[in-house]
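See structure below.
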Amino acid sequence: MEKKVKKFSMPSAYTILFFLIIVVAVLTWIIPAGEYATTKAGNIIAGTYKARASSPQGIWDVFLAPINGMVGTDLTEGSISVSLFILVIGGFLGVVNKTRALDDGIATVVRKNAGKEKALIPILMTLFAIGGSTYGMGEETIAFYPILIPVMISVGYDSITAISLALIGSQIGCLASTVNPFATGVASQTINISPGDGLIPRFILLIITTAISIIFVMRYADKVKKDPSKSYVFERRQKDLEEFSTADKSIDDKLSKKQKGVLWLFALTFVIMILGLIPWTSLNSSWTFFDDFTAWFTKIPFLGALIAQDFAPLGTWYFTEITALFFMMSVIIMFMFRMKESDYITAFMNGMSEFMSVAIIVAVARGIQVIMNNGYITATVLHAGETGLQNLSSGIFIVLTYIFYIPMSFLIPSTSGLAAATMGIMGPLGKFSGVDGSLVITAYQAASGLVNLITPTSGIVMGALAIGHVDIVTWWKYIWKLIAILFVVIAAFLVIVSMM
């Protein structure tokens, strides 16, 4: 009887993070305790480190850590606000997906560009990039491959071209996340800054990386169309032509008026969120238009009180306000789409359930910070960093941070978990080298996004490749040049921004 060989399987993000909590708890028995003096705002004052009595963390503290990571302690802010936001945005997306507005919207773009498939490459990659940058679009792209692959193959391209549109497009968006709540939001909350901080540099990075990716995919597509033998999956071409034949498949989906309305509300929600998060008066002290409007509006008799007497001006919003925004917009979409109350509740709850794991991961990851802070070793680690980085320029520090997050992204595949687990250390370390916390977040997102394009542990990558019958090694052969180009461009971008 043959013995079955057990294959190694990567532990879940929960297991990895809980293991790290145990490791950090052990370190509290080894690393000397210390603390920094802080400002009234809670910011560390460099050069004020001093030793203090040790506070080793035990077994009970380890099991308390994820709970305290959610609700918070005197030394560590809880993740409840960001976890709740993640759940509500999941509910919002659940309601939007119930209307099929996003799916049918992409299908409509494909239909309207029939015969002009080359134009689909920049159009769709831009749309997917926007989705990745704003709300972390990833798993949702799986629904589009059965539509895109037949279209691309039928006009002379190949399955890799089709996969690139959604996979590269969405993950480039995540790489240059502007207000992605699962990356930018979690990381910003961890170091107590607004998700709007650093928005402009991230937007510029989004444009640059999206443009590079579009050019890369279009060049490959042109090469395959001129000479099909140049395709990395040429040996499957005949099989793909037969399997993905569009002869009996229709893609002339049409958006209803209600679906168009949903898409407008969907876009408006993110526009309002962005306007709410950008610190306008910090960018320019004379940009007080939102403050002035809010002050005027809330003083209108009856109407001001009816809407919201304590309404926070756009530019001063944080997680409480944007959570309320997504909840309110989901209700507006329900009424606009004339959705039954029972269907709305089901869609909202199903959407929340899909993001429950992400919300919990954030709390578990925050548990690492809880153990470090309660054991008073955070300051000691920062002091070591302060000493070691004091002679490093901001450019060298940000590149080292970028490189550091590449293997860390393999170790902790969850972008939310990675941010919550590490940003509490990396953000303050950046200050010692004169690097703004928002740029540290940009470096983390860029590294995580690069890894998410190639990692075999990603369901997004492996799911897309499985649908297109492309193996991971073939995908690596195709994409390695793009990865190399993006790595260099992003590193240069980070250095330039750090010196500004």
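All values below come from the heavy atoms of this structure, side chains included, with hydrogens, waters and symmetry mates left out.
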Exercise. Taking all atoms of both residues into account, what is the closest heavy-atom pair of I168 and V217, and its distance?
Worked result: CD1-CG2, 4.1 Å
Problem set entry | Side-chain touch V233/Y478, heavy atoms, less than 4.5 angstrom | no
Exercise. After noting the C-alpha distance and the side-chain angles of Q171 and F128, does the key distance pass the side-chain contact (heavy atoms from CB on, under 4.5 Å) rule?
Worked result: CA-CA 8 Å; Q171 295 312 297; F128 283 121; over 6 Å; no
Seminar exercise, completed: Test side-chain hydrogen bond (donor to acceptor under 3.5 Å, both in side chains), reference Q189, set S83, S81, S79, output is S81
Exercise. Would you call F216 and S164 a side-chain contact if the rule is heavy atoms closer than 4.5 Å?
Worked result: no
Seminar exercise, completed: Sorted by chain and residue number, the side chain to side chain donor-acceptor pair (under 3.5 Å) partners of S170 (sequence neighbours excluded) come out as none
For this session: Show the numbers, then the answer: is there a side-chain contact (heavy atoms from CB on, under 4.5 Å) between M70 and I360?
Result: CA-CA 8 Å; M70 177 66 83; I360 299 301; 4.3 Å; yes
For this session: Would you kindly say whether D291 and T288 are connected by a side-chain donor-acceptor distance under 3.5 Å?
Result: no
Exercise. Going by heavy atoms in the side chains, are F63 and F18 under 4.5 Å from each other?
Worked result: yes
For this session: Could I get the full list of salt bridge (charged side-chain N to carboxylate O under 4.0 Å, His left out) partners for D343, not counting sequence neighbours?
Result: none
Problem set entry | Approximate separation, where rounding is to 0.5 Å, of K258 NZ and T99 OG1 | 10.0 Å
Problem set entry | F404 atom CZ: more than 12 heavy-atom contacts under 6.0 Å | yes
For this session: Test F326 against every option in W317, F266, F92, F348 by the ring-ring contact (aromatic ring centres under 6.0 Å, His included) rule and name the one that passes.
Result: F92
Exercise. Is V497 close to L205 at the side-chain level, that is, under 4.5 Å between some pair of heavy atoms?
Worked result: no
For this session: List the atom of G437, the atom of I193, and the distance in Å for their closest heavy-atom pair.
Result: C-CD1, 4.2 Å
For this session: Measure the spacing between CD of E321 and CG of L325 and express it to the nearest 0.5 Å.
Result: 10.0 Å
Exercise. Should the heavy atoms of other residues, nucleotides or ligands under 6.0 Å from CE of M328 be counted, would the total exceed 12?
Worked result: yes
Problem set entry | Working for side-chain contact (heavy atoms from CB on, under 4.5 Å), residues Y344 and V331 | CA-CA 8 Å; Y344 167 80; V331 174; 3.5 Å; yes
Exercise. Applying side chain to side chain donor-acceptor pair (under 3.5 Å), which residue pairs with at least one partner in residues 204-221 are found, sequence neighbours left out?
Worked result: D158-Y220
Problem set entry | I160 side chain reached by T474 side chain, heavy atoms, under 4.5 Å | yes
For this session: Would you mind reporting whether K260 and K257 have side-chain heavy atoms less than 4.5 Å apart?
Result: no
Exercise. Going by heavy atoms in the side chains, are V461 and I454 under 4.5 Å from each other?
Worked result: no
Problem set entry | Check: R202 side chain, T178 main-chain N or O, donor-acceptor pair, under 3.5 Å | yes
Exercise. Which word best sums up how the rings of F293 and F297 line up, parallel for under 30°, tilted for 30 to 60°, or perpendicular for over 60°?
Worked result: parallel
Exercise. Short question: side chain of S448, backbone of Y444 - any donor-acceptor pair under 3.5 Å?
Worked result: no
Problem set entry | CD on Q445 to CG on N180, rounded to 0.5 Å | 7.0 Å
Seminar exercise, completed: NZ of K98 to CG of N350, rounded to nearest 0.5 Å, is 8.5 Å
For this session: Might you confirm whether atom CZ of F19 has over 12 heavy atoms from other residues, nucleotides or ligands at distances under 6.0 Å?
Result: no
Seminar exercise, completed: Heavy-atom nearest pair, K225 first then P228, reads O-CD, 4.4 Å
For this session: Could you check I191 against V440 for side-chain contact (heavy atoms from CB on, under 4.5 Å), going step by step and ending with a plain yes or no?
Result: CA-CA 10 Å; I191 58 175; V440 175; 5.9 Å; no
Seminar exercise, completed: For A447 and Y402 the tightest heavy-atom approach is CB-O, 3.5 Å
For this session: Check whether any side-chain N or O of S159 sits under 3.5 Å from a backbone N or O of I149 as a donor-acceptor pair, and report yes or no.
Result: no
Problem set entry | Minimum heavy-atom distance between F290 and L314, given as atom pair plus value | CB-O, 3.4 Å
Exercise. Once you round to the nearest 0.5 Å, how far does CG of L486 lie from CD1 of I172?
Worked result: 4.5 Å
Problem set entry | Close side-chain approach of L64 and V370, heavy atoms under 4.5 Å | no
Exercise. When rounded to the nearest 0.5 angstrom, what is the spacing between CD1 in I121 and CD1 in I214?
Worked result: 9.5 Å
Problem set entry | Heavy-atom pair of closest approach, residues M352 and L87 | CG-O, 3.0 Å
